[in-house]
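Quantities reported herein were computed from a predicted structural model and do not represent experimental measurements. Excluded from the calculations below are hydrogen atoms, water molecules and symmetry mates; all remaining heavy atoms, backbone and side chain alike, are included. A, B, ... follow the sequence lines: proteins, then strands. Residue 1 opens every chain.
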Amino acid sequence: MAEIIIPRGAFELHLRDLPPVSGANTLKVDERLESAMATVMSRGDNAALAARIHDAFGIVLPSGPQRVSNGVEAFIGVGPGVWLAVFEKAGPQRASKLAASLAGLASVADQTSAYAVLRITGEAAREVLSRGAFIDFDPSVFGPGSAAVTTISHIGVSIWRIDDAPTFEVALFRSYADSFWHWLTTTCTALGVGLVRHGGSARI
Amino acid sequence: MRIPCPYCGERDGAEFTYCGDASPVRPAADAGEAAFVDYVYMRSNPAGEISEHWYHGQGCRNWLIVKRNTRTHVISAAMLAKGSAP
Amino acid sequence: MNRLESGGLIDRGKPLNFVFDGKKLAGYEGDTLASALVANGVRLVGRSFKYHRPRGILTAGSEEPNALVTLRTGARSEPNTRATSVQLFEGLVAESQNRWPTLGFDLMSLNNLLSPMFTAGFYYKTFMWPASFWEKVYEPLIRRAAGLGKASTQPDPDIYDKAHAFCDVLVVGSGPAGLSAALAASQAKARVILVEDDWLLGGRLLCEDQDIDGAPAVDWVRRIEGILTAMPNVSMLRRATVFGAYDGGTFGAVERIADHLAEPKPGVPRQRLWKICAKRTILATGAIERPLPFGGNDLPGIMMAAAVRAYATRFAALPGNEIVIYTTTDSGWAAARDLTGCGANITAIIDARASAPKGAARFAASAGIRVFENAVVVDASGGRRLRSLKLRSADGKIFELTADVLAISGGWNPVMGIGCNLGSRPVWSDAIHAFVLANPPAGMTLAGSAAGRFSLAEALDDGHRAGAAAAADLGFSPPPTKIPPCSEDATGSMPLWHVEGAKQKVFVDFQHDVTDADIGLAAQEGFRSVEHLKRYTTLGMATDQGRLGQVNGQALLARHLGKTLAETGTILSRPPFLPVAIGAFAGHHREMNFRPERRTASHDWAAENGAVFVDSGPWKRAQWFAIPSDQDWLDSVTREATAVRASVGVCDVSTLGKIDIHGPDAGIFLDRLYINMFSTLAVGKARYGVMLREDGFVLDDGTTTRLADDHYFMTTTTANAVKIMQHVDYCRQVLWPELNVQAVSVTEQWAQFAVAGPNSRLLLQKVFPDLDLSNDAFPYMSAIAVTWMGVPARIFRLSFSGELAFEVAVPARYGDALVRILMREGRDLGVVAYGTEALGVLRIEKGHPAGNELSGQTTATDLGFGRMMSQKKDYVGRVLAVRPALTDPMRPSLVGLRPAARSERLRGGAHILPLSSENRADNDLGYVTSVAFSPMMGSWIGLGLVSGGQGRIGERLRAYDPVRNGDVEIEICSPVFVDPEGVRVRG
Amino acid sequence: MRYSIFALARGALTKHRHWHPAWRDAAPNGPYDVIIVGGGGHGLATAYYLAKIHGVKKVAVLERGWIGGGNAGRNTTIIRSNYGLDGNTQFYEWSMKLWEGLEQDLNYNAMVSQRGVLNLYHGDAQRDAYARRGNAMRLHGVDAELVDRDAVRSMAPFLNFDAARFPIQGGLLQRRGGTARHDAVVWGYARAASNLGVDIVQNCEVTGFVRSPEGRMIGVETTRGKIMGGKIGMAVAGHSSQVAEMAGLRLPIESHVLQAFVTEALKPLLPGVITFGAGHFYVSQSDKGGLVFGGDIDGYNSYAQRGNLPVVEDVCEGGMALMPMIGRVRMLRSWGGIMDMSMDGSPIIDRSPIDGLYLNAGWCYGGFKATPASGWCFAHLLARDEPHPVAASFRLDRFATGRVIDEKGQGAQPNLH
């Protein structure tokens with residue numbers, strides 16, 4: 001069978017229908033399909049794990065709910081001794097390579113397909129997210145590099161802030177994508193915020 | 001209710017699942033039926049301070065021990081259950 | 001027209017048309033519905049709850065008990081809406097309520113004639129005979145007479161949403177105290193949220209002719225509003241009510257976004273529920289004026305003095321031409337001054353106190369107003385409106401005055417409901433003759449009138465202090481601020497709870513028609529606590545929640561008992577502070593969006609292929625796939641199940657919970673979770689396992705595979721996936737923290753498909769041509785991780801159907817691709833897609849327990865897994881599973897059932913009884929748990945839990961199902977109907 | 001004086017001067033044959049039946065506040081006997097039979113209104129579970145009907161049938177179920193018991209127990225002094241653990257808060273009680289016109305008689321899923337009751353391990369509807385020292401033996417019952 005199988009984004013159909021141009025009071029949104037993700041769970045020696053990760057990626061593993069990135073790879077704290085590793089433009093085998101490199105120090109579970117990740121950029125992003133999540137997104141509290149695992153509209157989400165634009169990424173289990181999209185669009189409509197497709201995907 | 005998760009910070013109580021008094025400790029495997037009956041069913045049910053188990057299922061997925069007053073709902077402490085005695 | 005030529009905060013350039021009870025009227029932008037009705041001279045606006053007495057507008061605020069209307073029409077009709085809180089809009093339509101046929105001529109007002117019988121609690125004493133008449137006669141009559149407005153029976157067309165906010169200081173109310181507090185806290189750089197119920201900031205300052213800083217108070221309000229608006233650390237919510245205080249500094253508020261419009265703009269919510277998390281809170285919620293007791297004190301035209309003052313000052317509307325003021329407070333006189341300033345005709349002021357305040361005589365003389373000191377109003381009369389009143393001076397002399405408006409002022413009750421929500425109890429203050437909140441909850445301060453400090457100067461000062469203190473408490477440094485000078489207002493008052501000699505009813509709770517006499521009767525009959533009083537008389541249970549009359553009623557009770565109000569106390573206020581629309585609490589979680597929906601990776605493919613979906617917890621699963629030749633659902637299901645047994649079928653089983661369990665101690669850990677052993681499982685092998693709760697009953701089941709020495713892959717039932725993940729975390733974090741085990745849900749990572757049937761190997765071989773899937777290389781209960789077209793995949797040799805079968809898992813992004821390839825490659829094998837119903841048929845034919853059998857009431861032994869319970873190790877539930885009641889041999893246990901007459905249908909939930917026994921509970925042997933039409937057996941088959949279980953095989957019993965008129969003779973058999981030797985599965 | 005329309009008419013002519021207190025506000029006057037701790041519905045009913053059925057002469061009911069101030073006054077007034085497990089079914093049915101004759105028995109109109117209780121189902125498995133329950137009820141002689149979607153529609157056309165996340169497929173209907181006026185039940189029992197000589201002592205908090213040298217309970221210490229009694233019955237649901245602790249007992253019970261809500265009054269809208277099978281929501285309409293509704297307990301131990309916002313939202317979400325026409329109807333009041341949640345969801349009416357002390361506890365959601373039968377059976381136990389047959393399963397030792405009565409199959413996690 002010489003054929004190529006195509007991965008499907010959880011938000012693919014919704015995003016297809018968005019206009020590509022941004023205007024006043026719009027939010028740019030796209031789905032992160034080129035990244036690989038994995039849950040990294042320490043086997044107890046957090047210091048050794050942090051050292052190994054620092055050696056491999058130049059990343060200081062955060063001990064709390066933060067995201068630390070080297071521009072290509074990022075580790076996001078989601079629980080004590082548990083991180084979500086995100087690799088930009090990585091292939092489907094990335095998680096097993098990570099597992100091999102952290103052998104003995106961490107257990108690794110591939111979650112590349114488990115999460116649908118929306119990147120949301122724009123002035124209104126903070127207000128839109130705070131409609132759904134009971135999290136203080138004030139810049140003094142939730143600046144770039146902050147992360148939180150919580151819920152929006154009865155859906156479990158992980159949210160991290162990337163930059164000052166502000167850009168946020170929201171990761172949720174992919175089966176919830178349609179319901180999440182409904183929440184996002186109705187909330188944006190209520191706020192008078194338009195959704196537009198992100199042009200390309202920035203490397204951060 | 002706001003629960004101060006030691007990892008995530010203070011969060012709304014709706015993110016947590018309650019699992020009751022944290023004081024009963026699972027008896028040793030050979031402790032006998034009566035010990036297990038007591039562990040599984042009997043509760044002090046105090047009106048006042050209680051140490052209890054909450055699961056931050058919509059957050060860091062950790063079991064917490066929360067010290068809370070059942071008359072006022074005031075929470076005085078919260079810690080990860082792993083490695084803490086109730 | 002009662003509209004003043006000038007003044008007020010209405011925009012005379014923007015007239016608005018509206019309709020009340022079919023009559024076309026007009027008001028202005030800036031009016032409330034009530035003020036517009038006042039301006040139009042409308043007196044009669046509603047009927048009371050019980051006696052259907054005519055009622056007019058009493059107040060100018062949300063405490064209004066009388067002027068309740070049904071606003072709007074059709075699906076948007078909104079019963080019991082306070083006219084005093086409705087901002088007037090163009091085209092507004094309102095109807096009066098609780099009257100038939102019309103407001104002016106209400107036949108139900110006959111109740112008023114029977115009122116000598118209809119005392120407090122009269123219904124407890126009658127309507128008992130004959131017993132059957134209650135539901136048929138008495139109750140329908142009572143229900144029809146009671147109630148107020150009619151609810152729409154059409155779905156609410158508007159949308160609601162929710163929002164969250166955090167702040168350092170939450171200020172509730174924007175009167176002088178609230179604005180001062182917000183200003184002080186925000187200047188200290190604290191994050192402040194200011195919430196105001198009205199559409200304008202200012203509170204009482206909008207309704208009184210006061211000066212601040214040498215200019216009209218309204219100018220000061222606008223200046224402060226400008227300052228606050230410019231501050232980035234201040235958010236303001238207007239048209240928003242803080243309705244409740246909850247634990248941990250959480251507050252609920254509802255914002256009315258579009259209630260002042262005829263209808264919301266498309267996509268814009270009508271209301272929004274705010275959950276606000278505040279570190280400190282300042283309640284600056286003001287105070288409410290108390291009514292005064294006298295006969296007929298409910299006649300239209302009798303209004304609160306503060307309301308008359310507000311209508312004149314803010315809305316430029318005078319409710320009458322011949323106004324009498326009856327007061328026990330200095331603020332009654334202040335009202336008189338403001339009204340005179342507006343040009344109102346005040347003919348008399350009656351002050352029940354021994355003497356009027358200083359300067360009163362001069363003011364009255366200059367305005368030509370008669371003054372009665374030390375006098376009380378005894379009765380008011382008129383028909384459907386006030387015409388005259390009778391007063392009695394201290395020496396017993398009776399005077400009669402004509403009046404069309406009587407403005408009454410009986411003292412002030414601080415508004416502190418929110419402060420009581422967390423259990424703080426109000427205490428009586430003899431200094432201000434009102435209940436105050438002496439011990440508000442931690443982090444909360446009351447300021448201004450809400451704290452019983454009624455003068456304007458006190459409010460400005462108090463608010464400032466509270467705001468600065470709250471900020472300082474949080475580590476901010478408030479800059480020094482000068483409190484502006486303002487006009488002086490006296491705040492003296494005298495409580496007056498009762499009047500002797502009234503000929504007519506003296507109302508205490510206006511809406512519920514609770515009278516002075518009702519309170520007396522309750523006390524006489526032993527209802528002596530304020531709680532009993534409330535429940536027996538319904539005092540304070542109306543839509544105004546007793547805001548107006550409750551304290552008056554409690555004072556009367558104290559008087560009857562010879563106690564003080566400090567002794568009898570008051571009721572704790574509970575949320576919501578003001579009634580809140582149910583829609584606002586629900587937000588968009590209603591109808592189709594009640595709960596989120598989970599869709600599998602193959603959802604779109606299934607929909608394209610005729611799938612009918614079924615709810616499986618939050619998931620949508622394909623129940624069956626209808627093709628045109630199927631006559632009905634049973635046809636589809638039978639076709640699918642038959643095809644699986646004959647050739648091959650594909651079913652999405654992704655919804656099963658999947659948990660990755662890692663770590664050096666993973667095997668030991670699983671041994672403690674399951675009743676059977678997992679540490680001995682070889683890598684590359686799968687095993688079926690059963691878990692118990694600690695009380696010994698079955699919790700869940702599933703297969704778990706060992707993928708590496710330190711890596712297991714657990715599956716759970718769909719229904720229990722979340723619960724088991726929690727259980728796994730509990731066991732590793734709480735019970736056995738010493739074990740080195742990591743666990744995470746990977747349910748969503750893998751799209752997993754069962755490929756079942758004698759041709760399943762052929763099909764899989766086409767899709768995975770490089771693999772050796774032969775029996776020798778890949779026997780039953782094996783597992784392998786492979787790479788499929790560049791992506792990781794897993795193949796398991798598992799079978800729920802009893803056929804030769806596999807499960808294939810790929811990352812969910814590729815699930816859609818995989819199912820399409822499986823179906824394409826299987827076309828020449830006659831592959832079918834099968835849904836949960838066929839899955840059910842196949843598992844029932846094999847006697848596998850599922851959700852209906854894992855009811856939480858069954859033991860491992862009940863389900864035939866007794867022998868799996870290991871004796872060699874500790875596991876959750878081991879000890880309690882052997883208690884006498886759980887090991888009783890007469891416990892119902894799993895059996896198979898078939899109808900004795902093969903053509904008969906079985907139904908789940910039927911009870912199992914001996915043949916020709918009486919239909920009595922003591923003959924009950926068990927019940928039918930699951931049924932299916934078995935294509936293999938050619939009949940309906942079932943599983944059941946039957947006392948004596950396996951011992952009854954071959955016995956004839958009956959499945960008794962009276963709720964569906966069923967009574968079917970059945971034969972008990974083995975639960976394994978198909979291939980009991982298990983040949984196929986190993987084929 | 002007997003209550004009747006004629007007595008009311010006489011009152012109308014005489015300014016109602018002839019009415020006496022509904023019950024005597026008694027001072028403690030021991031020793032008593034039986035002391036009931038707790039002046040809620042269960043305690044008062046127990047006292048009434050002790051006096052009436054068993055002829056016990058000296059009975060006292062001790063209430064720490066005002067009678068009916070606990071859960072009797074903080075519930076959603078529903079009465080029903082649609083239980084499926086043996087032990088529960090016959091007990092709640094006996095209660096229902098007592099409700100049906102209660103007003104004539106007490107000469108007090110408690111507004112027992114049998115307008116039906118309809119439990120909706122939304123899937124085949126739920127339908128079969130309701131069928132199982134309905135069939136069990138029928139085997140116990142209780143009325144139960146399984147009705148289909150069309151029948152539900154004809155009963156309650158305003159429900160959401162067409163745009164539902166979990167569409168209604170039908171329901172289990174008990175026509176004899178309904179509501180009763182909760183406060184009136186308390187006052188009616190109090191009046192009737194008082195008329196039979198029972199001392200109802202209010203503002204009398206039990207602070208300890210008095211034991212004989214052999215360890216038998218022979219009295220109670222109270223804020224109004226020591227009161228001696230031959231037998232002591234506890235009926236303090238919500239606070240059972242607190243009172244039991246004074247006796248040195250631990251119980252298989254946790255106290256949880258259950259919120260309930262009422263809307264502003266409306267003209268008649270709902271026919272009976274409706275429960276939503278796919279969410280946490282149930283509703284009825286009071287005679288005054290308010291929609292009375294509720295859902296699940298908040299789910300954490302509490303004695304605070306108040307709950308939190310997430311449950312309010314959850315309940316209203318259920319309401320709007322089921323009947324989206326109530327969106328503009330306003331919630332007027334909320335309240336919280338302290339539920340005695342037992343470990344299997346079923347109550348305890350039994351002797352305690354201490355001689356002379358008897359337990360009536362663990363009512364979970366079932367307390368109000370159980371009032372008459374609970375009183376009846378507890379009186380039987382107190383008077384005869386043996387369990388009444390219809391309450392014979394409600395034993396304290398069932399947790400040790402495993403003979404639990406777990407309707408929901410949730411095991412020993414009381415916040416899930």
Side-chain angles (χ1 to χ4, degrees), chain A residues 1 3-10 13 33 37 39 41-44 81-82 91-93 95-96 99 104 106-116 127 130-138 140-141 153-155 172-180 182-183 186-192, chain C residues 159 161-166 191 257 266-269 272 275 277 587-589 593 595-601 603-604 618-619 654-655 660 662-664 710-711 740 742-751 766-767 769 787-792 810-818 821 825:
Chain A
M1 283 200 316
E3 65 179 297
I4 294 167
I5 49 167
I6 300 164
R8 266 190 77 163
L13 299 178
L33 265 176
M37 299 175 81
T39 305
M41 298 166 280
S42 169
R43 289 201 170 178
V82 186
Q93 305 292 352
S96 52
S107 304
V108 175
D110 188 0
Q111 302 279 21
T112 305
S113 266
Y115 290 104
E127 194 171 4
S130 74
R131 286 282 187 264
F134 206 163
I135 294 284
D136 191 353
F137 289 111
D138 190 86
S140 66
V141 179
S153 191
H154 298 312
I155 298 167
L172 57 136
F173 282 144
R174 63 175 289 131
S175 68
Y176 287 109
D178 292 341
S179 290
F180 185 82
H182 179 264
W183 170 82
T186 51
T187 300
C188 286
T189 307
L191 285 168
Chain C
I159 57 176
D161 77 349
K162 297 188 184 182
H164 306 91
F166 291 79
R191 287 165 71 192
I257 300 163
V268 174
R272 175 175 295 135
K275 284 173 274 179
C277 196
H588 84 265
H589 298 291
N593 300 303
R595 287 293 175 262
E597 199 172 283
R598 300 181 77 172
R599 294 182 173 182
T600 69
H603 188 93
D604 291 349
W619 291 95
S654 309
T655 61
D660 253 3
H662 295 263
D710 58 354
H711 181 196
N740 192 342
Q742 296 79 45
V744 66
S745 166
V746 291
T747 303
E748 294 266 359
Q749 166 66 14
W750 300 100
K766 290 170 83 176
V767 181
T787 297
W788 176 64
M789 295 203 252
V791 304
V810 293
R813 284 178 184 176
Y814 302 96
D816 180 81
L818 175 62
I821 289 170
E825 297 299 317

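For C:A751, no part lies near chain A; criterion is any non-hydrogen pair under 4.5 Å. With a threshold of 4.5 angstrom between heavy atoms, C:A163 approaches chain A through its backbone and through its side chain. Residue A:S42 touches chain C through its backbone alone, counting heavy-atom pairs closer than 4.5 Å. At a 4.5 Å heavy-atom cutoff, the contact between A:T112 and chain C is made by backbone and side-chain atoms alike. With a threshold of 4.5 angstrom between heavy atoms, A:A10 does not approach chain C through any atom at all. Interface remark: A:V141 contributes side-chain atoms only to the contact with chain C (heavy atom separation under 4.5 Å).
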### Query
Can you list the steps and then say if A:I5 with C:I821 is a side-chain contact (heavy atoms from CB on, under 4.5 Å)?
CA-CA 9 Å; A:I5 49 167; C:I821 289 170; 3.7 Å; yes
### Task
Assess whether side-chain contact (heavy atoms from CB on, under 4.5 Å) is satisfied between C:R272 and A:R131, documenting all intermediate values.
CA-CA 10 Å; C:R272 175 175 295 135; A:R131 286 282 187 264; 3.2 Å; yes
### side-chain contact (heavy atoms from CB on, under 4.5 Å) assessment of A:S113 paired with C:W750
CA-CA 7 Å; A:S113 266; C:W750 300 100; over 6 Å; no
### Task
In sequence, state the C-alpha distance, the side-chain angles, and the governing distance for A:D178 and C:E597, and then conclude on side-chain contact (heavy atoms from CB on, under 4.5 Å).
CA-CA 8 Å; A:D178 292 341; C:E597 199 172 283; 5.9 Å; no
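Between C:F166 and A:F137, the distance from one ring center to the other does not fall under 6.0 angstrom.
Counting heavy-atom pairs closer than 4.5 Å to chain A, the top residue among C:P266, C:A601, C:G663 is C:G663. Heavy-atom pairs under 4.5 Å with chain A peak, among C:D161, C:V268, C:D816, at C:D816. Options A:G104, A:G81, A:P7 differ in how many heavy-atom pairs under 4.5 Å they form with chain C, and the most are formed by A:P7. When A:T39, A:V82, A:D138 are compared by the number of non-hydrogen pairs under 4.5 Å with chain C, A:D138 comes out ahead. For the set A:F180, A:Y176, A:F134, the entry with the most heavy-atom pairs within less than 4.5 Å of chain C is A:F134. Between chain C and the residues A:G192, A:A116, A:A109, the most heavy-atom pairs under 4.5 angstrom are made by A:A109. Your options are A:G44, A:A95, A:G132, and the one with the most heavy-atom pairs under 4.5 Å with chain C is A:G132.
Between A:L13 atom CG and C:D604 atom CG the span is 6.0 Å, to the nearest 0.5 Å. The distance from atom NZ of C:K162 to atom CH2 of A:W183, rounded to the nearest 0.5 Å, is 12.5 Å. The CZ atom of A:F173 sits 5.0 Å away from atom OG of C:S745, with the distance rounded to the nearest 0.5 Å. Atom CG of C:D660 and atom CD of A:Q111 lie 7.5 Å apart (nearest 0.5 Å).
Nearest heavy atom pair, residue C:H662 against residue A:V108, reads CE1-O, 3.5 Å. Taking each heavy atom of C:P596 and A:S153 in turn, the nearest pair found is CG-O, 4.1 Å. Considering all non-hydrogen atoms of both residues, A:A190 and C:P269 come closest at CB-CD, 3.5 Å. Contact record, C:H164 with A:S130: ND1-O, 2.9 Å, taken as the closest heavy-atom pair. Across all their heavy atoms, A:M41 and C:V744 have their closest contact at CE-CG1, 3.6 Å. Taking all atoms of both residues into account, the shortest heavy-atom contact from C:A817 to A:I6 is CB-O, 4.5 Å.
Looking at C:R599 and A:R174, their side chains never come closer than 4.5 Å, going by heavy atoms from C-beta outward. When side chains are defined from C-beta on, A:R43 counts as touching C:D710, because their heavy atoms get closer than 4.5 Å. C:P792 is not listed as a side-chain neighbour of A:S96, based on a closest heavy-atom distance of 4.5 Å or more. Side-chain atoms of C:H588 and A:T187, non-hydrogen and from C-beta on, never get closer than 4.5 Å to each other. A:Y115 has its side chain out of reach of C:E748: every pair of non-hydrogen atoms, C-beta onward, lies at least 4.5 Å apart.
Looking at A:D136 and C:R191, a side-chain N of the basic residue comes within less than 4.0 Å of a carboxylate O on the acidic one, giving a salt bridge.
Judged by distance alone, with hydrogens and angles left aside, the side-chain atoms of C:R813 form a donor-acceptor pair with the main-chain N or O of A:L33 at under 3.5 Å. No donor-acceptor pair closer than 3.5 Å links the side chain of C:Q742 to the backbone N or O of A:S107.
Remark: the A:H154 side chain and the C:R595 side chain contain an N/O donor-acceptor pair separated by less than 3.5 Å.
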